[in-house]
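See below for the structure under consideration.
All values below come from the heavy atoms of this structure, side chains included, with hydrogens, waters and symmetry mates left out. Every chain is numbered from 1, with letters handed out A, B, ... down the list of sequences.
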Amino acid sequence: MTNTRIDRRMAKLKAEGRPALVTYFMGGDPDYDTSLSIMKALPKAGSDVIELGMPFSDPMADGPAIQAAGLRALKAGQTLKKTLAMAADFRKSDDETPIVMMGYYNPIYIYGVERFLADAIQSGIDGLIVVDLPPEMDDELCIPAVRAGINFIRLATPTTDDKRLPKVLENTSGFVYYVSMTGITGSALADTGKVGDAVRRIKGHTHLPVCVGFGVKTAEQARAIGASADGVVVGTAIVNAVANVLGPNGEMTADPAEAVATLVSGLAQGVRQARLAAAE
Amino acid sequence: MNQPVAPNSFRTGPDEQGMFGIFGGRFVAETLMPLILDLEKHWTEARNDPAFKAELDNLNTHYTGRPSPLYFAERLTEHLGGAKIYFKRDELNHTGSHKINNCLGQILLARRMGKKRIIAETGAGQHGVASATVAARFGLPCIVYMGATDVQRQAPNVFRMKLLGAEVRPVTSGHGTLKDAMNEALRDWVTNVDDTYYIIGTAAGPHPYPELVREFQSVIGRETKEQMLAVEGRLPDMLVAAVGGGSNAIGLFHPFLDDKDVRIVGVEAGGKGLSGEEHCASLTAGSPGVLHGNRTYLLQNEDGQIKDGHSISAGLDYPGIGPEHSWLKDSGRVEYVPIMDQEALEAFQMLTKLEGIIPALEPSHALAEVIKRAPKMDKDQIIVMNLCGRGDKDIFTVGKILGVEL
Ligand SMILES: Cc1ncc(COP(=O)(O)O)c(C=O)c1O
């Protein structure tokens, strides 16, 4: 069992009897400074775990919203180095909130795995989600990350059957991210009853917390998913909150951090009601 | 880079993890992983099943028109005044290119796996047409993802696909070319995991695609070997083929990889020149990275973001390359060189006038390399070039460049 900010935060929430609100945003969207202010606003608005998106030119598991956010960030000059710097900047005022970097492997591979892990530790990163590294590719980054003391959080999906689950869980730590449907980010939410069944199925194989994402957009959905899951992940809705305050030429028509904070506060209320609702 | 020790055989890859040395692999989202393992299982069974082979052979013969001729290009040889030039004429295949070889193999796999819906990506539209063709032949619905830019520059093929009953979905993300179409096809596959079979059009993608596409395309090289021995009584001195993703090239090359006296040359799209950004020479000017399920040479920046390539030929306009080619490059077995847009265009016109064959712009790149090399070789030496596609689809592009209104 590892002891990272993620482990400590999940244990604390378990003791409080409520699920975690895990929020994804795109690092560098629409620019570095605004994005950093969004990051800082997340815990204040009630986010328990931050997923810091690493932009990639070819995000093959993402829908149009996150694709566009990544391209905006890249256009504004975001790089993996700057995304790490953003985490380090955030850590200057917050040493508690867990940060999980999420993205695709190639920028990390090009940065150099050893150098990346060293810099990630320096920047206060607690976990990694790398979409295109299944367990078959664990030697690439997962094993070195775990050795370096960083949680490698794996995605489990509806296609991950009971036979395969142990392989997926083998080197996973921090939490398990259950993708609620087969599809790309930003699609419609799956049937919450089915999601509950899937969470129970995964829990039969692991003691790790199970967080559920893909498709959660509203406080009501967060509440419903949070009834069975240990955490609820929201991404596209947050990225859209940023996009919605950008004009046709990318100019800001309102403060993106404020727009994100309003959304996240609502979601935070949703997860806080989840177990009350479940107990009803 | 350090040259690895030459292996005993260049024909044994990939290994069980789908690796050719450091290249290849299975870099896909978890949602797809069980599907890829299932595909591997069915592929392994199929390749060892005589009935599968018999059915494919039969279709190759009676539907595609194989074997394709090995043609001695007498006038071109005379004109260049050096090595004897032979063309492996896969442009005479049904649908006009080598792409059908792969599509027939994969549609039989799809049927074996009980899949009900076919998706494909396409650049030039040749793979899209071949996919739409086999889907029509086997009565399955087919969706083809095609970059919006390519939809415009390959309009005749778009119409062909529609006639064949396929739905063509233009992809506007990125530059709207092959790489973006592949992203979109992968997104479709991640969404429709139960009923959908993804026919990848080149020898790239996650394992086992590079291997199975190579096997279906290797019919080109196997036939060439037999035909060459029959007409010349010996193997050729040199093989030349264009590489986009690398399927026609690996199909010709693979059966010859252990014939050490056969020099092998792959020709990449040099676009407007390697000094700028407008080319697609991933092997000559790129570096190893991970995209579309495999590690391979890619055009990318120092942050690992993938660049959009450029080529006059839509079929070579891909910033990556099949992983086996990356390995063949690093091991030194195959030499890879770039050819510029302008050189390909001149070769296109030369062949048309000298041999009465209108080649596709993709093999026109290979031809331009042959035009450079043949004069420097002896008259008793032999070059075989893969004439993998015909140029009907390209006459509008060429016309535009030559200033002719069609
Ligand atoms: C005629 C022709 N040749 C070559 C290619 C490039 O693909 P590959 O390198 O896989 O053969 C294409 C792709 O569309 C093509 O249509």
**Request:** Give, as side chain, backbone, both or neither, the part of A:Tyr111 having an atom under 4.5 angstrom from any heavy atom of chain B.
**Result:** neither
**Item:** Spacing of CE belonging to A:Met60 relative to CG belonging to B:Asp180, to within rounding of 0.5 Å
**Value:** 14.0 Å
**Message:** Within the structure provided, determine whether B:Ile306 and A:Asn106 are in side-chain contact (heavy-atom separation under 4.5 Å).
**Reply:** yes
**Message:** Looking only at heavy atoms and a cut-off of under 4.5 Å, which of B:Gln300, B:Arg295, B:Glu184 has the most pairs with chain A?
**Reply:** B:Arg295
**Item:** Region of A:Pro59 in contact with chain B, defined by heavy-atom distances below 4.5 Å
**Value:** both
**Residue pair B:Glu30, A:Thr160: steps toward the side chain to side chain donor-acceptor pair (under 3.5 Å) verdict** = CA-CA 7 Å; B:Glu30 172 60 23; A:Thr160 317; 3.0 Å; yes
**Asked** Looking at side-chain heavy atoms only, is the closest gap between B:Val193 and A:Thr182 below 4.5 Å?
**Response** yes
**Fill in**
Between B:Gln305 and A:Ser57, the two heavy atoms sitting closest are OE1-N, 2.8 Å
**Fill in**
Looking only at B:Lys179, B:Met182, B:Glu302, B:His292, most heavy-atom pairs under 4.5 Å shared with chain A are made by B:Lys179
**Request:** Give a yes or no on whether B:Glu167 atom CD has more than 12 heavy-atom contacts from other residues, nucleotides or ligands under 6.0 Å away.
**Result:** yes
**Asked** Taking the side chain as C-beta and beyond, is there a heavy-atom pair between B:Met33 and A:Lys167 under 4.5 Å?
**Response** no
**Fill in**
Okay, B:Thr31 and chain A: the region with an atom under 4.5 Å from a heavy atom over there is both
**Asked** Taking every heavy-atom pair that is under 4.5 Å apart, which of B:Asp308, B:Leu35, B:Val190 has the most such pairs with chain A?
**Response** B:Val190
**Message:** Check whether A:Asp132 reaches the backbone of B:Gly293 with its side chain - one donor and one acceptor, N or O, closer than 3.5 Å.
**Reply:** no
**Complete:** On a heavy-atom basis, the closest approach of A:Tyr109 and B:Pro288 is CE2-O, 3.5 Å
**Asked** Does a side-chain heavy-atom distance below 4.5 Å link A:Pro64 with B:Arg187?
**Response** no
**Request:** Write down the atom of A:Ile110, the atom of B:Gly289, and the distance for their closest heavy-atom approach.
**Result:** CD1-CA, 4.5 Å
**Asked** Side chain, backbone, both or neither: which part of B:Leu291 has a heavy atom under 4.5 Å from chain A?
**Response** side chain
**Message:** Other residues, nucleotides and ligands only: do more than 12 of their heavy atoms fall within 6.0 Å of CD on B:Glu45?
**Reply:** yes
